[in-house]
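Let me give you the structure first, and then I'll get to my questions.
As the structure is a prediction and not an experimental result, all values here were calculated from the model. FYI, side chains are in, hydrogens and waters are out, and symmetry mates aren't considered; it's all heavy atoms of this structure.
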Amino acid sequence: MDSKLLKFTKVFKNGITFYRFEGFENVDSRWELPCEYLSGSHFAAWNGLLLYSDGNSIKTLCPGNLISLSEYQELTKIVQVGKQRLREIKHKMDT
């Protein structure tokens, strides 16, 4: 899972930092990223789109879209939580 990355480019616009979503690196299938379908924070890949949620609302990010620094930090936190959950699930399955 750690080799599967989201690609962003840092963009400065009018002195403000934004991040442009470029796409996925090393993600082949539609639902290859960790996702919890019912509740809590989650993210998933689907047909080149990034779907993510903090548990309240689902946001969609298409390649080329810009997000603010705060949104980028929120997404980074959600991704790290998702990676940790996936490691925990894989560990339970291995034991």
Exercise. Find the distance between CG (Asp94) and NE2 (His91) and round it off to the nearest 0.5 Å.
Key: 8.0 Å
Practice problem: Under the salt bridge (Lys or Arg N to Asp or Glu O under 4.0 Å) rule, collect the residues that match up with Lys7, sequence neighbours excluded. | Solution: none
Practice problem: Would you indicate whether the side-chain heavy atoms of Leu50 and Thr60 approach each other to under 4.5 Å? | Solution: no
Quiz item: Under a 4.5 Å cut-off applied to non-hydrogen side-chain atoms, are Phe21 and Thr9 in contact?
Solution: no
Quiz item: For the atom pair CD1 (Ile16) and CG (Leu69), what is the distance rounded to the nearest 0.5 Å?
Solution: 10.5 Å
Quiz item: Glu22 and Pro63: which non-hydrogen atoms are nearest, and at how many Å?
Solution: O-CB, 3.8 Å
Practice problem: Go through Leu66 and Val11 one step at a time and tell me if the side-chain contact (heavy atoms from CB on, under 4.5 Å) criterion holds. | Solution: CA-CA 8 Å; Leu66 290 178; Val11 176; 4.1 Å; yes
Quiz item: Would you say Lys10 and Tyr19 make side-chain contact, with heavy atoms under 4.5 Å?
Solution: yes
Practice problem: Give a yes or no on whether the backbone of Cys62 and the side-chain of Asn65 come within a donor-acceptor separation of less than 3.5 Å. | Solution: yes
Self-check item: Ile78 with Phe8, same ILVMFWY side-chain cluster at under 4.5 Å
Solution: yes
Quiz item: Any side-chain heavy-atom pair from Glu74 and Ile67 closer than 4.5 angstrom?
Solution: no
Quiz item: Judged by modelled atom types alone, do Ser70 and Gln73 share a side-chain donor-acceptor pair under 3.5 Å?
Solution: no
Exercise. Mark yes or no for whether Gln80, through its side chain, and Lys77, through its backbone, hold a donor-acceptor pair below 3.5 Å.
Key: no
Exercise. Using the side-chain contact (heavy atoms from CB on, under 4.5 Å) rule, take Phe12 and Thr17 through it: C-alpha gap first, then chi angles, then the decisive distance, then the call.
Key: CA-CA 5 Å; Phe12 292 105; Thr17 301; 3.2 Å; yes
Exercise. Report yes if the side chains of Leu61 and Leu49 come closer than 4.5 Å at any heavy-atom pair, otherwise no.
Key: no
